[in-house]
There are 2 protein chains.
Amino acid sequence: MPPSRRPSRIQTRNRAAILDAALDVFSAHGFRGATVDQIAKAANLSKPNLLYYFPSKEDIHNALLEQLLDTWLAPLRALDETGDPLEELLAYVHRKLQMSRDFPRESRLFANEIVQGAPRIHAALSSDLKTLVDTKTDVIRGWMDAGRIARVHPYHLIFSIWSLTQHYADFDVQVRAVLGQEDPFATAPEFIDTLYRKLLSPP
Amino acid sequence: MPPSRRPSRIQTRNRAAILDAALDVFSAHGFRGATVDQIAKAANLSKPNLLYYFPSKEDIHNALLEQLLDTWLAPLRALDETGDPLEELLAYVHRKLQMSRDFPRESRLFANEIVQGAPRIHAALSSDLKTLVDTKTDVIRGWMDAGRIARVHPYHLIFSIWSLTQHYADFDVQVRAVLGQEDPFATAPEFIDTLYRKLLSPP
DNA sequence: CGTCGCTTTGACCAGTTGGTCAAATCATTC
DNA sequence: GAATGATTTGACCAACTGGTCAAAGCGACG
(Lines give C-alpha, C1' and ligand atoms only; values in the text may rest on other atoms or scores of the structure.)
Protein backbone atom coordinates (compact mmCIF):
# COMPACT_ATOMS: atom_id res chain seq x y z
CA MET A 1 0.00 0.00 0.00
CA PRO A 2 1.36 3.46 -0.84
CA PRO A 3 2.56 5.26 2.27
CA SER A 4 0.75 8.25 3.64
CA ARG A 5 3.85 10.47 3.36
CA ARG A 6 4.14 12.99 0.57
CA PRO A 7 3.65 11.03 -2.69
CA SER A 8 6.73 10.45 -4.84
CA ARG A 9 6.93 11.43 -8.49
CA ILE A 10 6.21 7.83 -9.49
CA GLN A 11 3.21 7.75 -7.16
CA THR A 12 1.76 10.87 -8.69
CA ARG A 13 2.32 9.73 -12.24
CA ASN A 14 0.92 6.24 -11.76
CA ARG A 15 -2.09 7.23 -9.74
CA ALA A 16 -2.98 9.78 -12.38
CA ALA A 17 -2.48 7.24 -15.17
CA ILE A 18 -4.69 4.75 -13.33
CA LEU A 19 -7.48 7.24 -12.76
CA ASP A 20 -7.39 8.32 -16.39
CA ALA A 21 -7.43 4.75 -17.63
CA ALA A 22 -10.18 3.86 -15.19
CA LEU A 23 -12.26 6.79 -16.38
CA ASP A 24 -11.95 5.45 -19.91
CA VAL A 25 -12.97 1.96 -18.95
CA PHE A 26 -15.64 2.66 -16.33
CA SER A 27 -17.37 5.28 -18.46
CA ALA A 28 -17.46 2.91 -21.42
CA HIS A 29 -18.56 -0.27 -19.64
CA GLY A 30 -19.97 0.67 -16.23
CA PHE A 31 -18.59 -0.57 -12.94
CA ARG A 32 -19.51 -4.20 -13.34
CA GLY A 33 -18.59 -4.25 -17.00
CA ALA A 34 -15.08 -2.95 -16.37
CA THR A 35 -12.31 -5.36 -15.41
CA VAL A 36 -9.21 -4.56 -13.41
CA ASP A 37 -7.12 -6.12 -16.16
CA GLN A 38 -8.60 -3.75 -18.72
CA ILE A 39 -7.81 -0.76 -16.57
CA ALA A 40 -4.30 -1.99 -15.85
CA LYS A 41 -3.58 -2.53 -19.51
CA ALA A 42 -4.93 0.91 -20.40
CA ALA A 43 -2.68 2.41 -17.73
CA ASN A 44 0.34 0.37 -18.90
CA LEU A 45 0.66 -1.40 -15.59
CA SER A 46 0.43 -4.99 -14.48
CA LYS A 47 -2.64 -5.89 -12.48
CA PRO A 48 -0.79 -6.44 -9.18
CA ASN A 49 1.02 -3.19 -9.72
CA LEU A 50 -2.25 -1.35 -10.17
CA LEU A 51 -3.60 -2.95 -7.03
CA TYR A 52 -0.52 -1.67 -5.24
CA TYR A 53 -1.78 1.86 -5.77
CA PHE A 54 -5.50 1.22 -5.29
CA PRO A 55 -6.30 -1.74 -3.07
CA SER A 56 -9.45 -2.67 -4.96
CA LYS A 57 -11.51 -2.01 -8.06
CA GLU A 58 -14.10 -0.31 -5.93
CA ASP A 59 -11.50 2.05 -4.50
CA ILE A 60 -10.60 3.29 -7.96
CA HIS A 61 -14.24 3.83 -8.77
CA ASN A 62 -14.82 5.68 -5.52
CA ALA A 63 -11.81 7.91 -6.11
CA LEU A 64 -13.24 8.84 -9.50
CA LEU A 65 -16.74 9.53 -8.24
CA GLU A 66 -15.54 11.58 -5.31
CA GLN A 67 -13.40 13.77 -7.52
CA LEU A 68 -16.25 13.98 -10.03
CA LEU A 69 -19.16 15.20 -7.96
CA ASP A 70 -17.38 18.41 -7.05
CA THR A 71 -16.38 19.40 -10.56
CA TRP A 72 -19.74 18.29 -11.81
CA LEU A 73 -21.62 20.68 -9.57
CA ALA A 74 -19.18 23.57 -9.94
CA PRO A 75 -21.14 25.21 -12.79
CA LEU A 76 -24.29 25.31 -10.68
CA ARG A 77 -22.36 26.61 -7.67
CA ALA A 78 -21.17 29.47 -9.83
CA LEU A 79 -24.73 30.68 -10.41
CA ASP A 80 -24.56 34.19 -8.98
CA GLU A 81 -27.53 35.66 -7.17
CA THR A 82 -26.32 39.20 -7.81
CA GLY A 83 -25.95 38.82 -11.58
CA ASP A 84 -28.56 39.34 -14.27
CA PRO A 85 -30.99 36.41 -13.90
CA LEU A 86 -31.41 35.46 -17.55
CA GLU A 87 -27.72 35.87 -18.33
CA GLU A 88 -26.72 33.92 -15.23
CA LEU A 89 -28.93 31.01 -16.18
CA LEU A 90 -27.79 31.08 -19.79
CA ALA A 91 -24.18 31.14 -18.65
CA TYR A 92 -24.91 28.08 -16.51
CA VAL A 93 -26.44 26.28 -19.44
CA HIS A 94 -23.47 27.04 -21.66
CA ARG A 95 -20.96 25.99 -19.02
CA LYS A 96 -22.80 22.74 -18.65
CA LEU A 97 -22.89 22.17 -22.39
CA GLN A 98 -19.18 22.78 -22.64
CA MET A 99 -18.57 20.22 -19.94
CA SER A 100 -20.46 17.69 -22.04
CA ARG A 101 -18.18 18.49 -24.94
CA ASP A 102 -14.93 18.60 -22.99
CA PHE A 103 -15.55 15.88 -20.41
CA PRO A 104 -17.86 13.33 -21.98
CA ARG A 105 -16.24 10.47 -20.09
CA GLU A 106 -17.03 12.09 -16.78
CA SER A 107 -20.61 12.62 -17.88
CA ARG A 108 -20.98 9.00 -18.88
CA LEU A 109 -19.40 7.76 -15.68
CA PHE A 110 -22.04 9.72 -13.84
CA ALA A 111 -24.81 8.55 -16.15
CA ASN A 112 -23.86 4.91 -15.72
CA GLU A 113 -23.98 5.31 -11.98
CA ILE A 114 -27.34 7.08 -11.89
CA VAL A 115 -29.12 4.92 -14.46
CA GLN A 116 -28.26 1.86 -12.41
CA GLY A 117 -29.78 3.37 -9.30
CA ALA A 118 -26.76 5.28 -7.98
CA PRO A 119 -25.83 2.47 -5.58
CA ARG A 120 -22.58 4.18 -4.63
CA ILE A 121 -23.56 7.85 -4.48
CA HIS A 122 -27.15 7.80 -3.40
CA ALA A 123 -26.23 9.38 -0.09
CA ALA A 124 -24.38 12.24 -1.77
CA LEU A 125 -27.37 12.90 -4.01
CA SER A 126 -29.77 13.26 -1.11
CA SER A 127 -27.39 15.45 0.90
CA ASP A 128 -24.81 17.51 -1.04
CA LEU A 129 -26.69 17.63 -4.30
CA LYS A 130 -30.10 18.28 -2.81
CA THR A 131 -28.74 21.01 -0.55
CA LEU A 132 -27.07 22.79 -3.43
CA VAL A 133 -30.11 22.53 -5.66
CA ASP A 134 -32.40 23.75 -2.89
CA THR A 135 -30.18 26.78 -2.38
CA LYS A 136 -30.09 27.65 -6.04
CA THR A 137 -33.79 27.10 -6.66
CA ASP A 138 -34.40 29.58 -3.85
CA VAL A 139 -32.37 32.11 -5.79
CA ILE A 140 -34.25 31.32 -8.97
CA ARG A 141 -37.59 31.57 -7.20
CA GLY A 142 -36.50 34.97 -5.92
CA TRP A 143 -35.84 36.10 -9.46
CA MET A 144 -39.26 34.88 -10.52
CA ASP A 145 -40.98 36.59 -7.61
CA ALA A 146 -39.30 39.83 -8.66
CA GLY A 147 -40.61 39.31 -12.19
CA ARG A 148 -37.12 39.29 -13.65
CA ILE A 149 -37.63 35.96 -15.41
CA ALA A 150 -40.73 34.04 -16.32
CA ARG A 151 -42.20 31.76 -13.68
CA VAL A 152 -41.65 28.05 -14.26
CA HIS A 153 -41.14 25.13 -11.91
CA PRO A 154 -37.59 25.76 -10.59
CA TYR A 155 -36.68 22.10 -10.06
CA HIS A 156 -37.87 21.06 -13.48
CA LEU A 157 -35.92 23.96 -14.90
CA ILE A 158 -32.76 22.54 -13.37
CA PHE A 159 -33.61 19.02 -14.53
CA SER A 160 -34.16 20.31 -18.04
CA ILE A 161 -30.74 21.93 -18.07
CA TRP A 162 -29.09 18.77 -16.85
CA SER A 163 -30.83 16.52 -19.32
CA LEU A 164 -30.50 18.78 -22.35
CA THR A 165 -26.80 19.37 -21.90
CA GLN A 166 -25.69 15.96 -20.67
CA HIS A 167 -27.61 14.28 -23.46
CA TYR A 168 -24.90 15.32 -25.91
CA ALA A 169 -22.27 13.44 -23.90
CA ASP A 170 -24.27 10.49 -22.64
CA PHE A 171 -26.14 9.72 -25.85
CA ASP A 172 -23.31 10.81 -28.10
CA VAL A 173 -23.47 7.70 -30.31
CA GLN A 174 -27.15 8.19 -30.93
CA VAL A 175 -26.81 11.89 -31.60
CA ARG A 176 -24.03 11.28 -34.10
CA ALA A 177 -25.85 8.39 -35.72
CA VAL A 178 -28.75 10.73 -36.43
CA LEU A 179 -26.80 13.85 -37.31
CA GLY A 180 -24.29 12.12 -39.57
CA GLN A 181 -21.40 14.41 -40.43
CA GLU A 182 -22.62 17.54 -38.68
CA ASP A 183 -20.88 18.29 -35.38
CA PRO A 184 -23.52 18.38 -32.62
CA PHE A 185 -21.64 20.99 -30.65
CA ALA A 186 -21.59 23.37 -33.60
CA THR A 187 -25.34 23.89 -33.54
CA ALA A 188 -26.42 22.86 -30.05
CA PRO A 189 -25.41 26.08 -28.24
CA GLU A 190 -27.61 28.26 -30.41
CA PHE A 191 -30.56 25.92 -30.09
CA ILE A 192 -30.32 25.71 -26.33
CA ASP A 193 -29.74 29.44 -26.04
CA THR A 194 -32.90 30.12 -28.01
CA LEU A 195 -34.83 27.60 -25.97
CA TYR A 196 -33.99 29.13 -22.62
CA ARG A 197 -34.37 32.71 -23.80
CA LYS A 198 -37.88 31.96 -24.96
CA LEU A 199 -38.69 29.99 -21.86
CA LEU A 200 -37.33 32.46 -19.35
CA SER A 201 -37.61 35.94 -20.84
CA PRO A 202 -39.79 37.99 -18.51
CA PRO A 203 -43.36 38.37 -19.75
CA MET B 1 -34.17 -25.62 -28.07
CA PRO B 2 -37.86 -24.76 -28.37
CA PRO B 3 -39.31 -25.99 -31.63
CA SER B 4 -40.36 -23.61 -34.36
CA ARG B 5 -43.92 -24.92 -34.38
CA ARG B 6 -46.68 -22.94 -32.79
CA PRO B 7 -45.57 -22.24 -29.20
CA SER B 8 -47.32 -24.14 -26.45
CA ARG B 9 -48.99 -22.43 -23.51
CA ILE B 10 -45.95 -23.19 -21.36
CA GLN B 11 -43.67 -21.72 -24.00
CA THR B 12 -45.61 -18.52 -24.12
CA ARG B 13 -45.82 -18.18 -20.38
CA ASN B 14 -42.15 -18.92 -19.72
CA ARG B 15 -40.74 -16.83 -22.51
CA ALA B 16 -42.82 -13.90 -21.31
CA ALA B 17 -41.71 -14.44 -17.71
CA ILE B 18 -38.08 -14.58 -18.81
CA LEU B 19 -38.29 -11.40 -20.85
CA ASP B 20 -39.99 -9.58 -18.02
CA ALA B 21 -37.43 -10.76 -15.49
CA ALA B 22 -34.61 -9.94 -17.88
CA LEU B 23 -35.97 -6.45 -18.38
CA ASP B 24 -35.86 -5.97 -14.62
CA VAL B 25 -32.31 -7.19 -14.31
CA PHE B 26 -30.75 -5.75 -17.47
CA SER B 27 -32.27 -2.32 -16.94
CA ALA B 28 -31.00 -2.22 -13.37
CA HIS B 29 -27.49 -3.55 -13.93
CA GLY B 30 -26.67 -3.30 -17.63
CA PHE B 31 -25.78 -6.25 -19.84
CA ARG B 32 -22.48 -7.11 -18.22
CA GLY B 33 -23.78 -6.45 -14.73
CA ALA B 34 -26.68 -8.84 -15.12
CA THR B 35 -26.20 -12.55 -14.48
CA VAL B 36 -28.17 -15.39 -15.97
CA ASP B 37 -28.74 -16.74 -12.49
CA GLN B 38 -30.31 -13.46 -11.40
CA ILE B 39 -32.66 -13.50 -14.36
CA ALA B 40 -33.54 -17.14 -13.84
CA LYS B 41 -34.33 -16.56 -10.19
CA ALA B 42 -36.44 -13.52 -11.01
CA ALA B 43 -38.35 -15.61 -13.55
CA ASN B 44 -38.76 -18.53 -11.11
CA LEU B 45 -36.83 -20.89 -13.31
CA SER B 46 -33.65 -22.85 -12.95
CA LYS B 47 -30.73 -21.59 -15.00
CA PRO B 48 -30.64 -24.58 -17.37
CA ASN B 49 -34.37 -24.26 -17.82
CA LEU B 50 -34.01 -20.62 -18.77
CA LEU B 51 -31.28 -21.52 -21.23
CA TYR B 52 -33.68 -24.04 -22.72
CA TYR B 53 -35.84 -21.15 -23.90
CA PHE B 54 -33.08 -18.70 -24.81
CA PRO B 55 -29.81 -20.32 -25.80
CA SER B 56 -27.66 -17.54 -24.36
CA LYS B 57 -27.66 -14.41 -22.25
CA GLU B 58 -27.05 -12.36 -25.35
CA ASP B 59 -30.11 -13.87 -27.04
CA ILE B 60 -32.34 -12.65 -24.22
CA HIS B 61 -30.85 -9.20 -24.45
CA ASN B 62 -31.28 -9.12 -28.20
CA ALA B 63 -34.88 -10.21 -27.94
CA LEU B 64 -35.54 -7.34 -25.55
CA LEU B 65 -33.80 -4.73 -27.65
CA GLU B 66 -35.48 -5.85 -30.83
CA GLN B 67 -38.91 -5.65 -29.27
CA LEU B 68 -37.97 -2.34 -27.67
CA LEU B 69 -36.83 -0.26 -30.61
CA ASP B 70 -40.21 -0.53 -32.30
CA THR B 71 -42.31 0.51 -29.32
CA TRP B 72 -39.77 3.16 -28.48
CA LEU B 73 -40.11 4.88 -31.80
CA ALA B 74 -43.86 4.45 -32.09
CA PRO B 75 -44.64 7.88 -30.58
CA LEU B 76 -42.46 9.60 -33.17
CA ARG B 77 -43.96 7.51 -35.97
CA ALA B 78 -47.37 8.75 -34.89
CA LEU B 79 -46.41 12.36 -35.60
CA ASP B 80 -48.97 13.34 -38.21
CA GLU B 81 -48.05 15.67 -41.04
CA THR B 82 -51.67 16.64 -41.57
CA GLY B 83 -52.39 17.64 -37.99
CA ASP B 84 -51.87 20.99 -36.32
CA PRO B 85 -48.08 21.40 -36.01
CA LEU B 86 -47.85 22.68 -32.45
CA GLU B 87 -50.45 20.27 -31.14
CA GLU B 88 -48.84 17.35 -32.96
CA LEU B 89 -45.46 18.10 -31.42
CA LEU B 90 -46.93 18.63 -27.97
CA ALA B 91 -48.79 15.37 -28.28
CA TYR B 92 -45.53 13.66 -29.16
CA VAL B 93 -43.83 15.17 -26.13
CA HIS B 94 -46.60 14.04 -23.83
CA ARG B 95 -46.68 10.53 -25.26
CA LYS B 96 -42.95 10.30 -24.70
CA LEU B 97 -43.23 11.56 -21.15
CA GLN B 98 -45.91 9.03 -20.38
CA MET B 99 -43.68 6.28 -21.69
CA SER B 100 -41.04 7.39 -19.20
CA ARG B 101 -43.57 7.10 -16.45
CA ASP B 102 -45.14 3.83 -17.57
CA PHE B 103 -42.08 2.03 -18.96
CA PRO B 104 -39.07 3.25 -17.03
CA ARG B 105 -37.36 -0.13 -17.27
CA GLU B 106 -37.47 -0.01 -21.05
CA SER B 107 -36.06 3.51 -21.00
CA ARG B 108 -33.20 2.49 -18.76
CA LEU B 109 -32.44 -0.60 -20.82
CA PHE B 110 -32.10 1.70 -23.79
CA ALA B 111 -30.06 4.24 -21.84
CA ASN B 112 -27.65 1.60 -20.60
CA GLU B 113 -27.11 0.42 -24.13
CA ILE B 114 -26.54 3.87 -25.62
CA VAL B 115 -24.36 5.27 -22.84
CA GLN B 116 -22.02 2.36 -23.30
CA GLY B 117 -21.67 3.04 -26.99
CA ALA B 118 -24.63 1.05 -28.30
CA PRO B 119 -22.43 -1.95 -29.16
CA ARG B 120 -25.46 -4.07 -29.99
CA ILE B 121 -27.77 -1.66 -31.78
CA HIS B 122 -25.44 0.76 -33.47
CA ALA B 123 -26.52 -0.51 -36.85
CA ALA B 124 -30.19 0.03 -36.08
CA LEU B 125 -29.48 3.58 -34.97
CA SER B 126 -27.76 4.51 -38.21
CA SER B 127 -30.45 2.87 -40.34
CA ASP B 128 -33.96 2.57 -38.88
CA LEU B 129 -33.66 5.38 -36.38
CA LYS B 130 -31.92 7.80 -38.70
CA THR B 131 -34.38 7.13 -41.49
CA LEU B 132 -37.35 7.78 -39.26
CA VAL B 133 -35.86 10.93 -37.80
CA ASP B 134 -34.94 12.24 -41.24
CA THR B 135 -38.49 11.71 -42.42
CA LYS B 136 -39.99 13.49 -39.44
CA THR B 137 -37.55 16.39 -39.47
CA ASP B 138 -38.59 16.94 -43.07
CA VAL B 139 -42.16 17.28 -41.90
CA ILE B 140 -41.12 19.64 -39.14
CA ARG B 141 -39.03 21.71 -41.53
CA GLY B 142 -42.07 21.96 -43.76
CA TRP B 143 -44.12 23.35 -40.88
CA MET B 144 -41.39 25.89 -40.17
CA ASP B 145 -41.15 26.93 -43.81
CA ALA B 146 -44.87 27.54 -43.77
CA GLY B 147 -44.46 29.73 -40.69
CA ARG B 148 -46.76 27.50 -38.64
CA ILE B 149 -44.21 27.02 -35.86
CA ALA B 150 -41.08 28.93 -34.93
CA ARG B 151 -37.89 27.98 -36.73
CA VAL B 152 -35.40 26.02 -34.66
CA HIS B 153 -32.88 23.31 -35.53
CA PRO B 154 -35.14 20.30 -36.19
CA TYR B 155 -32.68 17.63 -35.06
CA HIS B 156 -31.88 19.41 -31.84
CA LEU B 157 -35.59 19.80 -31.29
CA ILE B 158 -35.96 16.03 -31.44
CA PHE B 159 -32.95 15.50 -29.22
CA SER B 160 -34.38 17.91 -26.68
CA ILE B 161 -37.64 15.99 -26.56
CA TRP B 162 -35.84 12.70 -26.08
CA SER B 163 -33.56 13.99 -23.36
CA LEU B 164 -36.18 15.97 -21.45
CA THR B 165 -38.67 13.16 -21.32
CA GLN B 166 -36.36 10.19 -20.85
CA HIS B 167 -34.51 12.00 -18.09
CA TYR B 168 -37.41 11.29 -15.74
CA ALA B 169 -37.01 7.56 -16.25
CA ASP B 170 -33.25 7.24 -16.66
CA PHE B 171 -32.25 9.60 -13.86
CA ASP B 172 -35.21 8.74 -11.68
CA VAL B 173 -33.11 8.28 -8.52
CA GLN B 174 -31.52 11.66 -8.93
CA VAL B 175 -34.78 13.41 -9.69
CA ARG B 176 -36.42 11.89 -6.64
CA ALA B 177 -33.43 12.60 -4.42
CA VAL B 178 -33.76 16.27 -5.32
CA LEU B 179 -37.54 16.54 -5.35
CA GLY B 180 -38.07 14.63 -2.11
CA GLN B 181 -41.73 13.77 -1.64
CA GLU B 182 -43.16 15.53 -4.68
CA ASP B 183 -44.04 13.22 -7.56
CA PRO B 184 -42.02 14.26 -10.62
CA PHE B 185 -44.75 13.24 -13.01
CA ALA B 186 -47.28 15.46 -11.29
CA THR B 187 -45.52 18.67 -12.33
CA ALA B 188 -43.36 17.67 -15.27
CA PRO B 189 -46.10 17.68 -17.94
CA GLU B 190 -47.02 21.29 -17.32
CA PHE B 191 -43.40 22.41 -17.30
CA ILE B 192 -42.59 20.64 -20.53
CA ASP B 193 -45.80 21.83 -22.12
CA THR B 194 -44.95 25.43 -21.30
CA LEU B 195 -41.42 24.97 -22.55
CA TYR B 196 -42.41 23.72 -25.97
CA ARG B 197 -45.27 26.16 -26.39
CA LYS B 198 -42.90 29.05 -25.79
CA LEU B 199 -40.22 27.55 -27.99
CA LEU B 200 -42.42 26.66 -30.92
CA SER B 201 -45.34 29.10 -30.98
CA PRO B 202 -45.24 30.89 -34.32
CA PRO B 203 -43.77 34.39 -34.10
C1' DC C 1 28.96 1.31 -4.03
C1' DG C 2 25.99 -0.68 -0.70
C1' DT C 3 21.82 -0.40 1.68
C1' DC C 4 17.08 0.23 2.40
C1' DG C 5 12.57 1.03 1.20
C1' DC C 6 9.61 1.86 -2.68
C1' DT C 7 7.94 -0.41 -6.93
C1' DT C 8 7.03 -4.27 -10.00
C1' DT C 9 5.85 -8.87 -11.25
C1' DG C 10 4.90 -14.05 -12.18
C1' DA C 11 2.48 -17.48 -10.14
C1' DC C 12 -1.32 -18.53 -7.88
C1' DC C 13 -6.14 -18.89 -5.65
C1' DA C 14 -11.03 -18.98 -4.67
C1' DG C 15 -15.39 -17.44 -6.20
C1' DT C 16 -18.33 -16.40 -9.98
C1' DT C 17 -20.32 -16.90 -14.46
C1' DG C 18 -22.09 -18.51 -18.94
C1' DG C 19 -23.11 -22.59 -20.70
C1' DT C 20 -23.53 -28.09 -21.32
C1' DC C 21 -25.49 -32.67 -20.74
C1' DA C 22 -27.61 -36.83 -19.56
C1' DA C 23 -31.19 -38.19 -17.02
C1' DA C 24 -35.59 -37.48 -14.88
C1' DT C 25 -40.26 -35.66 -15.02
C1' DC C 26 -44.34 -33.97 -17.06
C1' DA C 27 -48.12 -33.20 -20.51
C1' DT C 28 -50.54 -34.73 -24.61
C1' DT C 29 -52.26 -37.63 -27.76
C1' DC C 30 -53.78 -41.87 -29.38
C1' DG D 1 -52.75 -45.94 -19.85
C1' DA D 2 -48.80 -46.31 -22.93
C1' DA D 3 -46.01 -43.84 -25.95
C1' DT D 4 -43.87 -39.77 -27.40
C1' DG D 5 -42.04 -35.49 -27.22
C1' DA D 6 -41.73 -31.26 -24.46
C1' DT D 7 -39.94 -29.51 -20.13
C1' DT D 8 -37.06 -29.45 -16.03
C1' DT D 9 -33.05 -30.23 -13.28
C1' DG D 10 -28.63 -31.54 -10.61
C1' DA D 11 -24.08 -32.06 -11.55
C1' DC D 12 -20.57 -30.39 -13.95
C1' DC D 13 -16.99 -27.55 -16.69
C1' DA D 14 -13.89 -24.11 -18.58
C1' DA D 15 -13.04 -19.34 -18.67
C1' DC D 16 -12.78 -15.24 -16.31
C1' DT D 17 -12.25 -12.11 -12.44
C1' DG D 18 -10.82 -9.73 -8.24
C1' DG D 19 -7.36 -10.15 -5.30
C1' DT D 20 -2.92 -12.18 -2.74
C1' DC D 21 1.94 -13.03 -1.99
C1' DA D 22 6.67 -13.86 -1.92
C1' DA D 23 10.36 -12.63 -4.39
C1' DA D 24 12.77 -9.82 -7.59
C1' DG D 25 14.06 -5.15 -9.41
C1' DC D 26 15.08 -0.46 -8.92
C1' DG D 27 16.36 4.25 -7.29
C1' DA D 28 17.78 7.57 -3.92
C1' DC D 29 20.70 8.53 -0.36
C1' DG D 30 24.55 8.06 2.75
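To find a chain, count down the sequence lines: A is the first, B the second, and so on, and within it residues start at 1. Remember, predicted model here, so these are calculated numbers, not experimental data.
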Checklist entry - Taking the six-membered ring for Trp, are F159(B) and W162(B) parallel (under 30°), tilted (30 to 60°) or perpendicular (over 60°)? => result tilted
Next on the checklist: For F31(B) and F26(B), take the angle between the two ring planes, folded into 0 to 90°, and tell me which bin it lands in: parallel under 30, tilted 30 to 60, perpendicular over 60.
Outcome noted: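 Rings of F31(B) and F26(B): parallel, under 30°.
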Does the side chain of [X] get closer than 4.0 angstrom to OP1 or OP2 of [N] through an N or O atom?
X      : N       : answer
N14(B) : dA6(D)  : no
N49(A) : dG10(C) : no
Y52(A) : dG19(D) : no
Q11(A) : dT7(C)  : yes

Next on the checklist: Closest-nucleotide mapping onto DNA chain D: is I10(B) or K47(B) further toward the 5' terminus? I mean the 5' end.
Outcome noted: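 Per heavy-atom nearest nucleotide, the more 5' residue is I10(B).
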Given atom [atom1] of [X] and atom [atom2] of [N], what is their separation to the nearest angstrom?
X      : N       : atom1 : atom2 : value
R13(B) : dA6(D)  : CZ    : C1'   : 13 Å
L51(B) : dA6(D)  : CG    : C1'   : 17 Å
R15(B) : dT7(D)  : CZ    : P     : 11 Å
K57(A) : dG18(D) : NZ    : P     : 4 Å

Checklist entry - Tell me, which of residues 25-39 of chain B have any heavy atom that sits under 4.0 Å from an atom in DNA chain C? => result A34(B), T35(B), V36(B)
Checklist entry - So which nucleotide from dA11(C), dT8(C), dG18(D) ends up closest to the side chain of P48(A)? => result dA11(C)
Item to check | Side-chain (R95(B)) to main-chain (P75(B)) donor-acceptor, under 3.5 angstrom | outcome: yes
Item to check | Pairing residues for D134(B) by the side chain to side chain donor-acceptor pair (under 3.5 Å) criterion, not counting sequence neighbours | outcome: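 Checked D134(B) against side chain to side chain donor-acceptor pair (under 3.5 Å); matches are K130(B), Y155(B).
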Item to check | R141(B) bridged to D145(B) by N-O distance under 4.0 Å | outcome: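 No salt bridge links R141(B) with D145(B).
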Checklist entry - Hey, are the side chains of I39(B) and D24(B) touching, using non-hydrogen atoms and a 4.5 Å cut-off? => result no
